[in-house]
**Student:** 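Please see the structure below; I have some questions.
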Amino acid sequence: PGDQEAGELGLAAVPGRQAAFRQGLEAAVHYARAVGCPRIHVMAGRVPLGTDRAAAAAEMETTFIENLRYAADLLSQEDMIGLLEPINNRITDPRYYLNTPHQAAAILEKVGRPNLKLQLDLFHCQIMDGNLSRNLQTYFPLIGHIQIAQVPGRHEPDSPGELNFPYIFELLESLGYTGYVGCEYAPKGDTLEGLGWLRSYWESRGLQHGGTSKADK
């Protein structure tokens, strides 16, 4: 994430911070290797304060592509995947550089490395674009990780909001998604209470606690 006390949120697209980006990436790889995590979120970073987004766009994209190619080479030596996550700039972070899956897909195409993927957080995607079914279908070949939270409160999937998660989960299954779904939300209560939605979802699908089939039992 860079120097968060200085207002940074990633460095990969920030001009002039390439050396710090490489140091941070090497530290992330060290930690990921230690805990056996095969995926690292390569954070783009924020448009520098006092800089117009449109004016900075070209230089930031050039920096991003350069750093992503470096990251892809390093991660390939570890058999790891680098992930790009668009973060909405309407609610969460007005200055974050990478905002939409369309922007991320275009950058991934320019970088052209198979071990870089899209981290699609449906909370951010809904806020920026909606059209989740088509976006999931369109960008599915690029997706390396999925994250979820209800919109607009960013709470549990069964909390009041815009998204129909049982439908989304079935869509992901129909598309053949076999990866993890990250619960990137703020529980209304404590963590265990906040996971009650998952037990209810399993039961609605005829599954026992833990996702095993009653028929298998």
**Student:** To check you understand the geometry: which heavy-atom pair defines the closest contact between Thr191 and Pro187, and what is its length?
**Tutor:**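 Shortest heavy-atom contact: CA-CG, 4.4 Å.
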
**Student:** Are Arg39 and Asn115 linked by a side-chain donor-acceptor pair shorter than 3.5 Å?
**Tutor:**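 Distance-only check fails for Arg39 and Asn115.
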
**Student:** Would you say the side chain of Arg33 lies within less than 4.5 Å of the side chain of His30, judging by non-hydrogen atoms?
**Tutor:**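 His30 reaches Arg33 side chain to side chain.
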
**Student:** What is the minimum heavy-atom distance between Leu118 and Pro101, and which atoms define it?
**Tutor:**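 Smallest heavy-atom distance, with atoms named: CD2-CB, 4.3 Å.
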
**Student:** Do Ser76 and Arg113 touch side chain to side chain, with heavy atoms closer than 4.5 Å?
**Tutor:**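 No; the side chains remain at least 4.5 Å from each other.
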
**Student:** Quick check against the 3.5 Å criterion: does Thr51 have a side-chain atom that pairs as donor or acceptor with the backbone of Val47?
**Tutor:**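 No, Thr51 side chain to Val47 backbone: no donor-acceptor pair under 3.5 Å.
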
**Student:** Minimum heavy-atom separation for Ile143 and Lys117, please, with both atom names.
**Tutor:**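 Taking every non-hydrogen atom into account, C-CB, 4.3 Å.
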
**Student:** CZ/Phe165 to CD/Glu170 distance, rounded to the nearest 0.5 angstrom?
**Tutor:**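 Phe165 CZ to Glu170 CD: 14.0 Å, rounded to 0.5 Å.
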
**Student:** How close do Arg69 and Val111 get, heavy atom to heavy atom, and via which atoms?
**Tutor:**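 What the structure gives for the nearest pair is NE-O, 3.6 Å.
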
**Student:** Could you see if Phe169 belongs to whatever hydrophobic cluster contains Tyr139? Use Ile, Leu, Val, Met, Phe, Trp, Tyr and a side-chain cutoff under 4.5 Å.
**Tutor:**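 Phe169 and Tyr139: one cluster.
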
**Student:** Please name the pair of heavy atoms, one in Leu98 and one in Tyr96, separated by the smallest distance, quoted to 0.1 Å.
**Tutor:**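 What the structure gives for the nearest pair is O-CD2, 3.2 Å.
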
**Student:** Answer yes or no: are there more than 12 heavy-atom neighbours, outside Glu162 itself, under 6.0 Å from its atom CD?
**Tutor:**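 More than 12 within 6.0 Å, yes.
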
**Student:** Give the C-alpha distance, both sets of side-chain angles, the deciding distance and a yes or no for salt bridge (charged side-chain N to carboxylate O under 4.0 Å, His left out) between Glu61 and Lys110.
**Tutor:** CA-CA 10 Å; Glu61 181 175 291; Lys110 291 178 181 179; 2.6 Å; yes

**Student:** Is the closest basic N to carboxylate O distance between Glu8 and Arg17 below 4.0 Å?
**Tutor:**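 Yes.
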
**Student:** Quick check for you: to the nearest 0.5 Å, what is the distance between Asp190 atom CG and Leu195 atom CG?
**Tutor:**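 Output value for this atom pair is 9.0 Å.
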
**Student:** Should Leu49 and Arg95 count as side-chain neighbours, where that means a heavy-atom distance under 4.5 Å?
**Tutor:**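 A side-chain contact under 4.5 Å exists here.
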
**Student:** Quick one: does Phe64's side chain get under 4.5 Å of Ile107's, heavy atoms only?
**Tutor:**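 Yes - at least one pair of side-chain heavy atoms lies under 4.5 Å apart.
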
**Student:** List the steps, then state whether side chain to side chain contact (heavy atoms under 4.5 Å, CB included) holds for Leu132 with Ile168.
**Tutor:** CA-CA 8 Å; Leu132 292 186; Ile168 290 171; 4.0 Å; yes

**Student:** May I ask you to check whether over 12 heavy atoms, not counting those of Asn131, lie within 6.0 Å of atom CG?
**Tutor:**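 Yes, enclosed.
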
**Student:** Examine distances only and state if a side-chain atom of Asn67 and a backbone atom of Ala12 form a donor-acceptor pair shorter than 3.5 Å.
**Tutor:**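 A pair under 3.5 Å: yes.
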
**Student:** Determine whether the side chains of Glu156 and Gln150 contain a donor N or O and an acceptor N or O closer than 3.5 Å.
**Tutor:**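 Their side chains do not contain a donor-acceptor pair, so the 3.5 Å distance test is not met.
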
**Student:** Are there over 12 heavy-atom neighbours, none belonging to Glu109, within less than 6.0 Å of that residue's CD?
**Tutor:**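 Counting other residues, nucleotides and ligands, CD of Glu109 stays at 12 neighbours or fewer.
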
**Student:** Test side chain to side chain contact (heavy atoms under 4.5 Å, CB included) on Leu122 and Val151 and set out the steps.
**Tutor:** CA-CA 9 Å; Leu122 299 183; Val151 179; over 6 Å; no

**Student:** Under 4.5 Å between any side-chain heavy atoms of Pro166 and Ser204, yes or no?
**Tutor:**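 No, side chains not in contact.
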
**Student:** Would you call Leu163 and Ile148 a side-chain contact if the rule is heavy atoms closer than 4.5 Å?
**Tutor:**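 Not touching, per the 4.5 Å side-chain cut-off.
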
**Student:** Evaluate side chain to side chain contact (heavy atoms under 4.5 Å, CB included) for Leu83 paired with Ile40, printing each intermediate quantity in order.
**Tutor:** CA-CA 6 Å; Leu83 299 170; Ile40 292 178; over 6 Å; no

**Student:** Between CG of Leu11 and CZ of Arg22, what distance do you get to the nearest 0.5 Å?
**Tutor:**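 With rounding to 0.5 Å, CG (Leu11) is 13.0 Å from CZ (Arg22).
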
**Student:** Counting N and O atoms only, with roles assigned by atom type, does the side chain of Tyr185 sit under 3.5 Å from a partner on the main chain of Lys188, one being a donor and the other an acceptor?
**Tutor:**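 Side chain of Tyr185 to backbone of Lys188: no pair is present.
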
**Student:** Nearest 0.5 Å, please: how far is CG in Leu75 from CE in Met80?
**Tutor:**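 Met80 CE to Leu75 CG: 7.0 Å, rounded to 0.5 Å.
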
**Student:** Leu74 versus Leu25: any side-chain heavy-atom pair under 4.5 Å?
**Tutor:**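 Side chain of Leu74 against side chain of Leu25, heavy atoms only: contact under 4.5 Å found.
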
**Student:** Out of curiosity, Met43 CE to Phe21 CZ, how far, rounded to the nearest 0.5 Å?
**Tutor:**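 So the gap between those two atoms works out to 11.5 Å.
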
**Student:** What residue among Asn89, Asn135, Ile91, Thr92 forms side chain to side chain contact (heavy atoms under 4.5 Å, CB included) with Met128?
**Tutor:**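 Checked Asn89, Asn135, Ile91, Thr92 against Met128; only one passes side chain to side chain contact (heavy atoms under 4.5 Å, CB included): Asn89.
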
**Student:** Could you tell me whether the side chains of Tyr167 and Ser133 share a donor-acceptor contact shorter than 3.5 Å?
**Tutor:**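 Checked: Tyr167/Ser133 side chains pair up, N/O donor to acceptor below 3.5 Å.
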
**Student:** Is it true that the NZ or CZ of Arg46 lies under 6.0 Å from the centre of Tyr97's six-membered ring and within 45 degrees of the ring axis?
**Tutor:**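 Not satisfied by the 6.0 Å and 45° rule.
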
**Student:** Is there side-chain contact between Pro157 and Tyr201, with at least one heavy-atom pair below 4.5 Å?
**Tutor:**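 Side chain of Pro157 against side chain of Tyr201, heavy atoms only: no contact under 4.5 Å found.
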
**Student:** Measuring from atom CD1 of Ile146 to atom CG of Leu136, what distance do you get when rounded to the nearest 0.5 angstrom?
**Tutor:**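 If I round to the nearest 0.5 Å, the distance is 5.5 Å.
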
**Student:** Distance-only, no hydrogens or angles: does the His124 side chain make a donor-acceptor pair with backbone N or O of Pro86 under 3.5 Å?
**Tutor:**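 Absent.
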
**Student:** Between Leu120 and His145, is a side chain to side chain contact (heavy atoms under 4.5 Å, CB included) present by the stated rule, with each step listed?
**Tutor:** CA-CA 6 Å; Leu120 193 65; His145 186 53; over 6 Å; no

**Student:** Show the nearest heavy-atom pair for residues Val14 and Gln18, with the distance to one decimal.
**Tutor:**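 So the two residues come closest at O-OE1, 4.3 Å.
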
